[in-house]
Amino acid sequence: MSPHILILGGTTEARELAAELAAFRPETQVTTSLAGRVSRPGALAGDVRIGGFGGAEGLAAWLREHHVDAVVDATHPFAETITANAAQAGSATGVPVIVLRRPGWQPGPGDNWHPVDSLAQAADTLPGIGRRVLLTTGRLGLAAFAHLAQLHFVVRSVEPPEPPMPPDAEVLLARGPFTVADEAALLREHRIDVVVTKDSGGAATAAKLTAAREAGVPVVVVRRPALPDGVSAVPDVAGVLERLGLSPGR
């Protein structure tokens, strides 16, 4: 039987991995699982399933039922619940789990970053830094900022955000990649004096960091959650293929 690989997807890297396997390893059965939080996901190579598994036990049952040979967790770096569930399901079933995580961002000369460990810490930090906030942490978790009535928020997300939200907030629906020029114009237009972001990594949304540096605007950066004990990550699709034994020449 052909090997069956389950990709826990939603990221650019998940899409790239599915395409790579479909193009160069057509004998491999590929299933990409999406959480269903984005209403119009792009086309994906291979099979696609939508929705959760029912926790670690549900995922383990799915791996057994569908004879999965390997799991690639290519979810967002902040999707810590599914990452923990994947690690537990892999341990319960003996199915190897590979975590694919793009490298995080690193501050450079001229950056004024304020690293924090959570959205709640970001909210606590904001009043001492600025009053007009570009909030780019996604549509979930805005409740952490809902009590900051004295601040003005520009909330940017792909999908409409979920309440509760800060009382003084305007919503911008947009999907990256963004250019530095566009981000600089956004900072000027809305008179932004502090940016809040998660350390998602990657180039698609990194332009805001360059624009903030050039404008002298501080950035509150939410650090990534730690991976489960015993779990390590590879930084790119090539690393996943190497772990799977499917790298070129094999």
Side-chain angles (χ1 to χ4, degrees), residues 8-14 35 37 72-88 97-130 132-148 151 153-158 161-162 165-166 176-178 183 187 192-236 239-240:
L8 305 176
T11 59
T12 301
E13 291 80 9
R37 290 176 177 167
V72 179
D73 173 13
T75 55
H76 192 276
F78 285 81
E80 54 187 316
T81 299
I82 187 61
T83 296
N85 288 345
Q88 293 176 35
V97 177
I98 302 167
V99 177
L100 171 56
R101 289 288 184 273
R102 70 188 74 145
W105 293 317
Q106 297 296 325
D111 283 319
N112 180 9
W113 286 14
H114 298 258
V116 296
D117 290 323
S118 66
L119 294 177
Q121 286 188 12
D124 291 341
T125 301
L126 279 176
I129 300 177
R132 299 185 64 84
V133 185
L134 175 60
L135 188 58
T136 65
T137 56
R139 68 188 182 94
L140 304 177
L142 298 185
F145 304 91
H147 65 288
L148 297 175
L151 306 185
F153 287 84
V154 176
V155 179
R156 184 170 68 191
S157 64
V158 175
E162 297 183 358
M165 290 175 52
F178 305 104
E183 297 291 61
L187 297 181
I192 299 298
D193 57 15
V194 59
V195 175
V196 182
T197 183
K198 292 178 177 178
D199 179 16
S200 301
T205 57
K208 64 190 168 195
L209 303 175
T210 302
R213 178 174 64 248
E214 293 177 350
V217 172
V219 182
V220 178
V221 181
V222 182
R223 298 185 182 97
R224 297 178 176 189
L227 291 171
D229 289 343
V231 174
S232 59
V234 296
D236 51 31
V240 173

Roughly how far apart are [X] [atom1] and [Y] [atom2], rounded to 0.5 Å?
X      : Y      : atom1 : atom2 : value
Asp236 : Leu100 : CG    : CG    : 7.5 Å
Leu135 : Leu126 : CG    : CG    : 8.0 Å
Thr210 : Phe178 : OG1   : CZ    : 14.0 Å
Ile192 : Glu183 : CD1   : CD    : 10.5 Å
Leu187 : Arg132 : CG    : CZ    : 11.5 Å
Thr83  : Leu8   : OG1   : CG    : 8.0 Å

Run the numbers on Phe78 and Val222 for side chain to side chain contact (heavy atoms under 4.5 Å, CB included), then give the verdict.
-> CA-CA 10 Å; Phe78 285 81; Val222 182; 4.0 Å; yes

What are the two closest non-hydrogen atoms of [X] and [Y], and how far apart are they?
X      : Y      : answer
Ala144 : Ala120 : CB-N, 4.1 Å
Ala123 : Leu148 : O-CD1, 3.7 Å
Val220 : Ala122 : CG1-CB, 3.8 Å
Pro103 : Pro235 : CD-O, 3.8 Å
Leu151 : Gly130 : CD2-O, 3.5 Å
Ala84  : Pro228 : CA-CG, 4.0 Å

Just wondering, do [Y] and [X] contact through their side chains at under 4.5 Å, heavy atoms?
X      : Y      : value
Val155 : Phe145 : no
Leu227 : Ser232 : no
Phe153 : Val196 : no

Could you go step by step and tell me if Leu209 and Val195 meet the side chain to side chain contact (heavy atoms under 4.5 Å, CB included) rule?
-> CA-CA 9 Å; Leu209 303 175; Val195 175; 5.9 Å; no

Candidate pair Glu162 and Leu142, rule side chain to side chain contact (heavy atoms under 4.5 Å, CB included), full reasoning | CA-CA 7 Å; Glu162 297 183 358; Leu142 298 185; over 6 Å; no

Charged N-O contact under 4.0 Å between Arg213 and Asp111 = yes

Could you go through the side chain to side chain contact (heavy atoms under 4.5 Å, CB included) check for Arg102 and Thr11 one step at a time?
-> CA-CA 10 Å; Arg102 70 188 74 145; Thr11 59; 3.6 Å; yes

Donor-acceptor check, side chain of [X] to backbone of [Y], threshold 3.5 angstrom: yes or no?
X      : Y      : result
Arg101 : Thr75  : yes
Trp105 : Gly202 : yes
Asp199 : Arg224 : no

